[in-house]
Amino acid sequence: MVIVYKSNTGFTKEYAEMLANAEKMKHYELSQAQKELGRETEVLFMGPLMAGHIQGIDQAVKSFNVKAACGVGMTPPGSPSLSSLSKANYVPNAPIFYLQGGYAPKKVGWLKRRMVNMATKSMREALQAKGSRRTPEEQANLDMLLKGGSFVAYRNLDVIRDWLKGQG
Ligand SMILES: Cc1cc2nc3c(=O)[nH]c(=O)nc-3n(C[C@H](O)[C@H](O)[C@H](O)COP(=O)(O)O)c2cc1C
């Protein structure tokens with residue numbers, strides 16, 4: 001199995017490289033993979049979430065044998081329910097994982113930044129309303145929504161690494 005990824009602002013790329021190093025797997029950016037790999041190649045696909053959709057997943061499913069897909073988003077783990085993720089990102093017979101990446105407002109265009117601002121308004125307001133009752137995690141998430149930040153962490157890969165072990 002190889003890792004194929006797409007990344008706009010770098011968080012998914014970081015996870016793909018981390019996982020590739022940890023599991024000694026090859027990793028390819030999607031367009032490079034489409035040039036170099038055959039249709040039968042078994043692939044773990046990783047891509048950034050945009051409005052609940054894993055970017056690049058449709059091309060990956062058309063081009064390779066996708067065995068699992070992983071969406072990388074900005075919200076804390078557990079917030080996009082995985083069943084809603086798999087409904088929005090249909091991959092035949094493959095599990096869908098979620099990893100919290102981060103948010104890099106300076107690397108996205110103004111229109112997308114506005115979309116993110118609108119989509120995260122209620123989350124921001126709920127966190128702001130908590131005031132001094134915010135936990136350190138909640139504070140970090142609020143800071144990320146307001147200024148950008150990264151939640152990329154090696155330990156987040158554990159569920160995917162466990163799944164890979166079962167693949168033999
Ligand atoms: C237009 C837009 C829409 C987004 N939609 C979502 C979303 O639905 N869910 C989510 O968790 N993150 C969403 N994000 C945040 C990105 O998925 C997040 O920043 C991710 O880590 C980017 O990965 P990348 O650096 O590999 O491109 C969105 C970001 C943008 C710019």
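Just so you know, ligand 1 is whichever comes first in the structure, and atom 1 is the first atom listed for that ligand. Note that the coordinates shown come from a computational prediction; the quantities given were computed from them, not determined experimentally. Here, residue 1 is the first one in the sequence, and each next residue gets the next number.
Here salt bridge (charged side-chain N to carboxylate O under 4.0 Å, His left out) pairs that include residues 148-162, with residues two or more places apart or in two chains, are Glu23-Arg161. Judged as a salt bridge (charged side-chain N to carboxylate O under 4.0 Å, His left out), the pairs with a partner in residues 107-124 (not counting sequence neighbours) are, in order, Lys121-Glu125.
Residue-ligand proximity, Phe11 to ligand 1, at heavy-atom distances under 4.0 Å covers atoms 21 (O), 24 (P), 25 (O), 26 (O). Set against the non-hydrogen atoms of Tyr98, the atoms of ligand 1 under 4.0 Å away are 11 (O). Each of the atoms 2 (C), 29 (C), 30 (C), 31 (C) of ligand 1 lies under 4.0 Å from some heavy atom of Val116. In summary, the atoms of ligand 1 found under 4.0 Å from a heavy atom of Thr75, numbered by their order in the structure, are 11 (O).
Considering backbone and side-chain atoms alike, Met74 places an N or O below 3.5 Å from some N or O of ligand 1. Checked by distance only, ligand 1 and Thr9 come closer than 3.5 Å through their nitrogen or oxygen atoms. For the pair Asn8 and ligand 1, the shortest N or O to N or O distance falls below 3.5 Å. Of the polar atoms of Lys112, none of the N or O atoms is found under 3.5 Å from an N or O of ligand 1, judged by distance alone. Considering backbone and side-chain N/O atoms, Gly10 comes within less than 3.5 Å of an N/O atom of ligand 1. Checked by distance only, ligand 1 and Leu49 come closer than 3.5 Å through their nitrogen or oxygen atoms. The shortest N/O to N/O separation between Val72 and ligand 1 falls below 3.5 Å.
Phe11 places a side-chain heavy atom less than 4.5 Å from the side chain of Ser150.
Remark: among candidates Gly52, Pro76, Gly101, Gly102, the nearest residue to atom 19 (O) of ligand 1 is Gly102, based on non-hydrogen atoms. Distances from atom 7 (C) of ligand 1 to the heavy atoms of Gly148, Ala119, Ala51, Gly109 show the closest one on Ala51.
In this structure, CD in Gln55 is found 8.5 Å from CG in Leu49, a value given to the nearest 0.5 Å. Rounding to the nearest 0.5 Å places OH of Tyr98 at 12.0 Å from CD1 of Ile160. Interatomic distance, Ser31 OG to Lys6 NZ, rounded to the nearest 0.5 Å: 8.0 Å.
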Discussion item. For a side-chain hydrogen bond (donor to acceptor under 3.5 Å, both in side chains) check, start with the C-alpha distance between Asp143 and Gln139, then their side-chain angles and the critical distance, and finish with the verdict.
Written reply: CA-CA 6 Å; Asp143 289 344; Gln139 184 62 50; 3.0 Å; yes
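Using a 4.0 Å cut-off between heavy atoms, Thr12 contacts ligand 1 through both its backbone and its side chain.
Of the possible polar contacts, one joining the Tyr15 side chain to the Gln100 backbone as a donor-acceptor pair under 3.5 Å is found.
With 3.5 Å as the limit, one finds no donor-acceptor pair spanning the side chains of Thr9 and Tyr103.
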